[in-house]
Amino acid sequence: MDENIDVLLSETRSFPPPDAFARDAHINTDAIYRLADKDYEAYWASAAGSLEWMAPWKTVLEWTPPHSKWFVGGKLNVSANCVDRHIRTPNRNKAAIIWEGENGDRRTLTYWDLYREVQQFANVLKGLGVQKGDRVGIYLPLIPECAVAMLACARIGAIHSVVFGGFSPDSLRDRMNDAEAKVLITADGGYRRGQVVPLKRNVDKALVEAPTVKHVVVVQRRQGGFSDLFTEMKPGRDAWYHELMATAKADCPPAAMDAEDVLFILYTSGTTGKPKGIVHTTGGYLTGAATSTKIVFDLKDSDVFWCTADVGWITGHTYLVYGPLANGATCVMYEGAPDWPQRNRFWEICERHGVTILYTAPTAIRAFMKWGDEHPAKHDLSRLRLLGSVGEPINPEAWMWYHEHIGGKRCPIVDTWWQTETGSIVISPLPGLTATKPGSGTKALPGYFAELLDSTAVRIPVGGGLLALTKPWPSMLRTIWNDDARYVQTYFTKWNNRPDIYFPGDGAKRDDDQYFWILGRVDDVLNVAGHRIGTMEVESALVEHHAVAEAAVVGKTHEVKGQAIAAFVTLREGFTQSAALRDELKKFVANKIGALARPDDILFSADLPKTRSGKIMRRLLRDIAEGRALGDTTTLADPGVVSALKSQYEEKEG
Ligand code: WTA
């Protein structure tokens, strides 16, 4: 089958790094790419050398496709690298985590604070019988205890599995059962949009059918607690975090972990089937996390780094906890929603803490655009020097808005492509070196090898095709927990003749400068009259229209064309839907990228269905467009959105 993808959109704007930024950047020459291309094992060995090892590795890489081992024989401890190293320097009392609760609570933990709390909590875990290799679940609001708990696990060699606090009791139960977790760390509640999320109550429900969990540690999120939210602490099973910590000693030496020991499992729900427990190990993961944080974000000692992701996602693991702390950085952590209590909350936080690097997601950026320019305009954002984007393709218009209204036209933007499975950023500009183009992640970082291939693994120099990673990298997943066959099947069987090539599942195009443009999941690609079209290009054309805030397009069976294009469109504040606007948008897309991509159907919608991490769920939109019964909606952030859309669509069709 021909899996090449037609290329429609052409984006010609280009932004070289500002001179002043480039001058001071960690990386401002391309020597590093040449070095890494010449000998990637040597490159990664030198990167790993910037960590603190308890015993040196013997072999950099053992690669028996599709299984890799990095820094074989080496011993290290992740918590010692993220905490202990810094308390031996003048950074000992530097802020590690500046935290803000949604309700206005504030706390700052220095590296010294972390050093003590992590050791105390490691002792608490030991006291509960947790041993090396045991699994510990973490189901918390975004509070500093997330980092403390993760690092405490790492300190004693326990494997953590963080479950996002927005997941239901059933999702939590399934993950705890798959991981066979022994202990679960939670809180009485957490704040989200002014409401209290009853985490402990969810835990009580989940654990009815999760028999491996023997102990639950409960953080009191608010002074005095949310005792009204759940009935009881179950004797013998449940204990308060603050009570256990009160008597825990603050000395717990870091365990010497093998580089290939498992650091964590993180569940990711693919498009189908049960969630996959993505397995990351110690030495390779930390090397990828620490190095990419430093070079992609040009991280300096003086920076205030705010990654807005929750630790329930890989972005929170790598760029809110492990990467920045391994570099001794100051991180901002914010518990709540971007529009609570007002739509300027993010900008207020940036101003209050003097944030210098902001890393967020396109879904948030599009929401900010929709809410209007006046919210960021009220705040002093002049400390910002670098912006990042992750999670979905960023449409060029959203990129431009981010550049102008948040970055004041002076901050480079790093559009970073990666996955839970890759552990760290794979494709991204280096902000002091790479000229950026709105909507393009540009190139693979040094030490990562990305290609565009056709279905027979032939390289496509320019055009559209399948994204592929052709060599192993240190922070790659090692397997799927309890299901190695699924690991092989999911990631290494796309090209029969090349069982050593990793298939991420994304389509992309490559332009004349060899830049990558991610076009979306291959499962979502449209096929209109024999042309395979990435969802991202049609969506980006729609978003370029001044009335449109967000768009999702899907294919719908069509007798003649194979597929027709159905577009779901959210309007910016101040615009109203009309038949005239619908026609205008169809024409607009046809003019912009060609008649082929002209949407057959446009449905206006106040919201689009998204996963809890903010990705548009096109699968459900396809069900709606095809008039099918809705598939699995359990991973949706707001299930109400699809049922509303469905009845709207049926009305229109009927
Ligand atoms: C998508 C998030 C375009 C992509 C770190 C990938 C992106 C999936 C980008 C992984 C980007 C992530 N441009 N698409 N900059 N970043 N994606 O596992 O489809 O939550 O395969 O990891 O998100 O999502 P995950």
Side-chain angles (χ1 to χ4, degrees), residues 100 102-104 142 166 191-195 306-310 332 334-353 355 358-382 384 387-409 411 413 415 438-439 539-540 542-552 567-578 581 585 603-616 636-638 640-641 644-645:
E100 208 167 301
E102 191 185 73
N103 63 340
L142 193 49
Y191 288 100
R192 187 78 195 179
R193 287 226 155 71
Q195 304 285 314
W306 185 20
C307 164
T308 68
D310 191 279
V332 170
Y334 167 58
E335 175 188 34
D339 55 351
W340 198 267
Q342 306 275 307
R343 289 173 165 180
N344 65 338
R345 184 64 187 267
F346 268 31
W347 320 122
E348 193 180 70
I349 292 175
C350 284
E351 180 173 358
R352 177 158 42 241
H353 303 294
V355 172
L358 176 69
Y359 189 33
T360 194
T363 180
I365 298 167
R366 291 187 301 253
F368 299 139
M369 285 174 76
K370 179 174 158 192
W371 296 338
D373 310 343
E374 64 273 22
H375 304 292
K378 281 192 293 230
H379 294 275
D380 176 7
L381 303 178
S382 62
L384 284 172
L387 305 175
S389 169
V390 60
E392 280 185 294
I394 179 168
N395 316 108
E397 281 319 292
W399 195 104
M400 288 304 298
W401 186 89
Y402 200 27
H403 171 71
E404 283 171 29
H405 295 279
I406 308 304
K409 298 190 182 161
C411 303
I413 297 180
D415 173 7
E539 288 162 6
S540 291
L542 282 163
V543 175
E544 260 189 67
H545 190 280
H546 60 274
V548 177
E550 192 156 45
F568 294 78
V569 166
T570 304
L571 295 177
R572 287 217 208 184
E573 222 101 302
F575 291 90
T576 41
Q577 61 179 77
S578 67
L581 181 57
L585 289 176
L603 189 81
F604 295 105
S605 156
D607 261 311
L608 296 173
K610 303 221 174 122
T611 62
R612 289 185 172 84
S613 67
K615 292 193 213 301
I616 298 171
L636 274 182
D638 177 2
V641 173
L645 266 175

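We use all heavy atoms of the structure for the numbers below, so side chains are in, but hydrogens, waters and symmetry mates are not.
Across all their heavy atoms, Leu142 and Ala309 have their closest contact at CD2-O, 3.8 Å. Residues Pro438 and Pro396 approach most closely at O-CG, 3.6 Å, considering heavy atoms. Between Cys411 and Leu384 the shortest heavy-atom distance is SG-O, 3.3 Å. The two atoms that bring Leu645 and Asp607 nearest to each other are CD1-O, 4.2 Å, heavy atoms only. Minimum interatomic distance between Val569 and Ala551 (heavy atoms only, all atoms of both residues): CG2-CB, 4.3 Å. When all heavy atoms of Asn395 and Ser540 are compared, the pair lying nearest together is ND2-OG, 3.1 Å.
Scored by the salt bridge (charged side-chain N to carboxylate O under 4.0 Å, His left out) test, Asp638 finds no partners at all (sequence neighbours excluded). Here Glu100 pairs with Arg345, Arg352 under the salt bridge (charged side-chain N to carboxylate O under 4.0 Å, His left out) rule; sequence neighbours left out. Among residues two or more places apart in sequence or in another chain, the side-chain contact (heavy atoms from CB on, under 4.5 Å) test is passed with Ser613 by Trp313, Thr611, Lys615.
In summary, the aromatic rings of Phe346 and His375 are positioned with their centroids too far apart to meet the 6.0 Å limit.
Formation of a donor-acceptor pair under 3.5 Å by the Tyr402 side chain with backbone atoms of Gly388 is found in this model. Glu335 places a side-chain N or O within donor-acceptor distance of the main-chain N or O of Glu102, the cut-off being under 3.5 Å. Panel note: side chain His545, backbone Ala547; a donor-acceptor pair is recorded below 3.5 Å.
Going from atom CE of Met400 over to atom NE2 of His405 covers 9.5 Å, rounded to the nearest 0.5 Å. For the atom pair CD of Gln195 and CH2 of Trp340, the computed distance is 7.0 Å after rounding to the nearest 0.5 Å. A distance of 8.5 Å separates OG1 in Thr363 from CG in Leu608, rounded to the nearest 0.5 Å. In this structure, Leu387 CG and Ile394 CD1 are separated by 9.5 Å, a value rounded to the nearest 0.5 Å. Atom CD1 of Ile365 and atom CG of Leu358 lie 8.0 Å apart (nearest 0.5 Å).
In this structure, Trp371 and Phe368 have perpendicular ring planes: the angle between them is above 60°, well past the 30° mark.
Under the side chain to side chain donor-acceptor pair (under 3.5 Å) criterion, the residue pairs touching residues 568-578 are Arg343-Glu573, with sequence neighbours excluded. The list of salt bridge (charged side-chain N to carboxylate O under 4.0 Å, His left out) pairs with a residue in residues 395-407, not counting sequence neighbours, reads Arg13-Glu397. For residues 364-374, the pairs satisfying salt bridge (charged side-chain N to carboxylate O under 4.0 Å, His left out) are Arg366-Glu392, Arg366-Glu550, with sequence neighbours left out.
Between Val543 and Trp401 the shortest side-chain heavy-atom distance does not fall below 4.5 Å. When side chains are defined from C-beta on, Glu351 does not count as touching Trp347, because their heavy atoms never get closer than 4.5 Å. Within the 4.5 Å cutoff, side-chain heavy atoms of Leu581 are placed close to those of Phe604.
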Inset, instruction - I would like to know whether Asp339 and Arg193 meet side chain to side chain contact (heavy atoms under 4.5 Å, CB included); could you show each step before the answer? - result: CA-CA 8 Å; Asp339 55 351; Arg193 287 226 155 71; 3.0 Å; yes
Legend entry - Stepwise side chain to side chain contact (heavy atoms under 4.5 Å, CB included) check, Trp399 with Ser389: CA-CA 9 Å; Trp399 195 104; Ser389 169; over 6 Å; no
